[in-house]
Amino acid sequence: MLRVRCLRGGSRGAEAAHLIGAMLGRSVAGWVQRTFQSTSSAAAAAQRQAAEEEPVTEPIQQECPVCSYNEWDPLEEVIVGRAENAHVPPFTVEVKANTYEKYWPFYQKHGGQSFPADHLKKAVAEIEEMCNILRHEGVIVKRPEPIDWSVEYKTPDFKSTGMYAAMPRDILMVVGNEIIEAPMAWRARFFEYRAYRPLIKEYFRKGAKWTTAPKPTMADDLYDQDYPIRTVEDRHKLAAQGKFVTTEHEPCFDAADFIRAGRDLFVQRSQVTNYMGIEWMRRHLAPDYKVHIISFKDPNPMHIDATFNIIGPGLVLSNPDRPCRQVDMFKKAGWTVVKPPTPLIPDDHPLWMSSKWLSMNVLMLDEKRVMVDANEGTIHKMFENLGIKTIKVNIRHANSLGGGFHCWTTDVRRRGNLESYFH
């Protein structure tokens with residue numbers, strides 16, 4: 001670049017010399033020309049010397065802070081959700097289809113309002129302690145922004161209040177160095193992404209890929225407005241028939257209906273994830289990754305990780321109450337399928353958005369360490385028999401908001417490489 005500048009400077013100098021020569025004569029012009037040449041030579045020599053002393057180098061590329069291919073490689077950085085300001089979603093048709101009948105009066109009474117204050121306060125404290133324990137285990141912890149979820153919003157198709165930013169696993173999925181923002185399927189979660197945008201932008205600036213799946217309108221046509229659920233028997237019958245509250249009007253999915261095992265991802269069609277959403281993911285991730293649809297004997301499928309949780313290469317926890325219809329293909333591939341013990345959570349503990357099987361919704365810190373509910377002694381023994389150390393944490397009040405350790409987190413970076421574990 002400096003050499004170009006010298007040439008340009010020489011052109012301007014020549015023009016100046018020509019003008020002086022015309023005015024004062026050839027001798028003066030010669031003096032100017034010799035002076036200019038001497039100066040240019042000195043400048044060029046100085047430039048060559050500087051170039052030899054300080055060679056030009058390319059900018060140093062920073063390592064991308066986002067990289068995760070599976071559920072068990074050593075965890076280095078994680079996003080943990082927030083219980084602050086969490087609000088009960090309005091009791092709409094999609095919420096009714098995903099919740100148990102015993103809690104419908106709770107939603108009818110508290111929809112659009114804050115969750116019970118004392119319960120929420122305890123949940124916040126539990127998650128703070130969980131974050132401290134993760135840091136103690138050497139994991140970097142990031143958190144979404146606190147947002148006022150009580151604000152009512154309106155689109156051309158619906159109006160609603162918000163819910164929370166408690167479960168990053170529902171909305172964010174990391175595949176390699178790419179963050180995929182799920183479109184979601186509940187109207188109360190339409191703007192949930194806003195709590196995570198500052199974090200996502202930070203990762204993007206540092207080199208991560210950032211993809212936002214097509215946002216559904218969530219118009220009435222996305223939902224079966226007459227979805228006939230009254231009893232558990234109704235749920236079983238409808239699920240067996242492949243009938244869900246979400247239609248195929250437009251793509252929708254929650255990220256938590258997918259679970260990763262290197263080049264293979266497994267997904268279920270659920271109350272919040274439709275086949276159009278699955279097909280969008282399949283096309284988006286091809287040809288490097290393969291998406292497999294699996295199903296379960298589950299009357300209320302919503303999020304796969306309390307039903308089928310892959311915890312190591314060829315090692316999966318499979319809910320005995322919701323058996324996988326395709327379990328034989330995993331056994332033929334040489335996988336070990338482990339049935340976790342019955343959860344110990346008391347019947348009177350409120351689980352407004354989930355089942356007791358959050359006991360198997362664990363977070364692997366690596367192949368030999370797992371974060372698990374401190375109250376679930378029988379599952380501690382199961383992991384010990386598998387040679388896995390348990391990191392015991394109590395998040396019982398946080399469970400009431402709809403998730404265990406896997407739900408409350410999204411792993412941003414795990415130390416490992418892209419491999420194939422399913423043949």
Are any of the side-chain heavy atoms of [X] and [Y] separated by less than 4.5 Å?
{"X": "Y289", "Y": "R282", "answer": "no"}
{"X": "M353", "Y": "Y107", "answer": "yes"}
{"X": "P216", "Y": "P251", "answer": "no"}
{"X": "K142", "Y": "E202", "answer": "yes"}
{"X": "C252", "Y": "M276", "answer": "no"}
{"X": "D373", "Y": "R396", "answer": "yes"}
{"X": "N132", "Y": "H136", "answer": "no"}
{"X": "I304", "Y": "I294", "answer": "yes"}

Please indicate whether [X] has more than 12 foreign heavy atoms, meaning atoms of other residues, nucleotides or ligands, lying under 6.0 Å from its [atom1].
{"X": "K290", "atom1": "NZ", "answer": "no"}
{"X": "K121", "atom1": "NZ", "answer": "no"}
{"X": "R325", "atom1": "CZ", "answer": "yes"}
{"X": "R194", "atom1": "CZ", "answer": "no"}
{"X": "K356", "atom1": "NZ", "answer": "yes"}
{"X": "F204", "atom1": "CZ", "answer": "no"}
{"X": "D288", "atom1": "CG", "answer": "yes"}

In Å and rounded to the nearest 0.5 Å, what is the [atom1] to [atom2] distance from [X] to [Y]?
{"X": "N274", "Y": "L222", "atom1": "CG", "atom2": "CG", "answer": "6.5 Å"}
{"X": "M329", "Y": "C324", "atom1": "CE", "atom2": "SG", "answer": "6.5 Å"}
{"X": "F253", "Y": "E279", "atom1": "CZ", "atom2": "CD", "answer": "12.0 Å"}
{"X": "E94", "Y": "T99", "atom1": "CD", "atom2": "OG1", "answer": "10.0 Å"}
{"X": "I147", "Y": "H87", "atom1": "CD1", "atom2": "NE2", "answer": "13.0 Å"}
{"X": "S318", "Y": "I310", "atom1": "OG", "atom2": "CD1", "answer": "10.5 Å"}

Does a side chain donor of either [X] or [Y] reach within less than 3.5 Å of an acceptor in the other side chain?
{"X": "N394", "Y": "N375", "result": "yes"}
{"X": "Q268", "Y": "S270", "result": "no"}
{"X": "Q271", "Y": "T246", "result": "no"}

Positive for ring-ring contact (aromatic ring centres under 6.0 Å, His included) with Y421, one of Y69, F266, W72 =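 By the ring-ring contact (aromatic ring centres under 6.0 Å, His included) criterion, Y421 pairs with just one of Y69, F266, W72: W72.
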
- Task: Walk me through it: do T410 and M173 pass the test side chain to side chain contact (heavy atoms under 4.5 Å, CB included)?
- Result: CA-CA 7 Å; T410 286; M173 176 164 49; over 6 Å; no

Can a donor-acceptor pair be found, under 3.5 Å and without considering hydrogens, that links the side chain of [X] to the backbone of [Y]?
{"X": "R413", "Y": "S68", "answer": "no"}
{"X": "E192", "Y": "M163", "answer": "no"}
{"X": "Y203", "Y": "W210", "answer": "no"}
{"X": "T390", "Y": "H380", "answer": "no"}
{"X": "N309", "Y": "L317", "answer": "no"}
{"X": "R369", "Y": "I391", "answer": "no"}
{"X": "R187", "Y": "M218", "answer": "yes"}
{"X": "E250", "Y": "T217", "answer": "yes"}
{"X": "Y103", "Y": "L351", "answer": "yes"}
{"X": "W335", "Y": "V327", "answer": "no"}

Could you tell me whether [X] and [Y] have a side-chain N and a carboxylate O separated by less than 4.0 Å?
{"X": "K243", "Y": "D224", "answer": "no"}
{"X": "E126", "Y": "K122", "answer": "no"}
{"X": "E248", "Y": "R269", "answer": "yes"}

Any idea how [X] and [Y] line up, ring-wise: parallel (<30°), tilted (30 to 60°), or perpendicular (>60°)?
{"X": "H119", "Y": "H349", "answer": "tilted"}
{"X": "W352", "Y": "F106", "answer": "parallel"}
{"X": "W104", "Y": "F91", "answer": "tilted"}

Minimum heavy-atom distance [X]-[Y], with the two atoms named:
{"X": "L344", "Y": "G377", "answer": "CD1-N, 3.7 Å"}
{"X": "N361", "Y": "G403", "answer": "OD1-C, 4.4 Å"}
{"X": "P341", "Y": "T378", "answer": "CG-OG1, 3.6 Å"}
{"X": "A83", "Y": "W408", "answer": "CB-CH2, 3.9 Å"}
{"X": "Y196", "Y": "I171", "answer": "CE1-CG2, 3.7 Å"}
{"X": "A208", "Y": "V66", "answer": "CB-CG2, 3.7 Å"}

* Asked: Between V338 and I311, is a side chain to side chain contact (heavy atoms under 4.5 Å, CB included) present by the stated rule, with each step listed?
  -> CA-CA 10 Å; V338 178; I311 60 170; over 6 Å; no

Note to self: Please confirm whether the ring centroid of F422 lies under 6.0 Å from the ring centroid of F330.
What the structure shows: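 Yes, ring centres under 6.0 Å apart.
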
Fill in: Where at least one partner belongs to residues 253-267, residue pairs that pass salt bridge (Lys or Arg N to Asp or Glu O under 4.0 Å), sequence neighbours excluded
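Listed once each, the pairs are E71-R260, R260-D411.
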
Start with the C-alpha distance between W357 and R322, add both sets of side-chain angles, then the distance that settles side chain to side chain contact (heavy atoms under 4.5 Å, CB included), and finish with yes or no. CA-CA 10 Å; W357 284 103; R322 308 169 192 162; 4.0 Å; yes

Margin query: For I179 and E181: C-alpha separation, side-chain torsions, deciding distance, then whether side chain to side chain contact (heavy atoms under 4.5 Å, CB included) applies.
Written below: CA-CA 6 Å; I179 302 172; E181 198 177 292; 5.8 Å; no

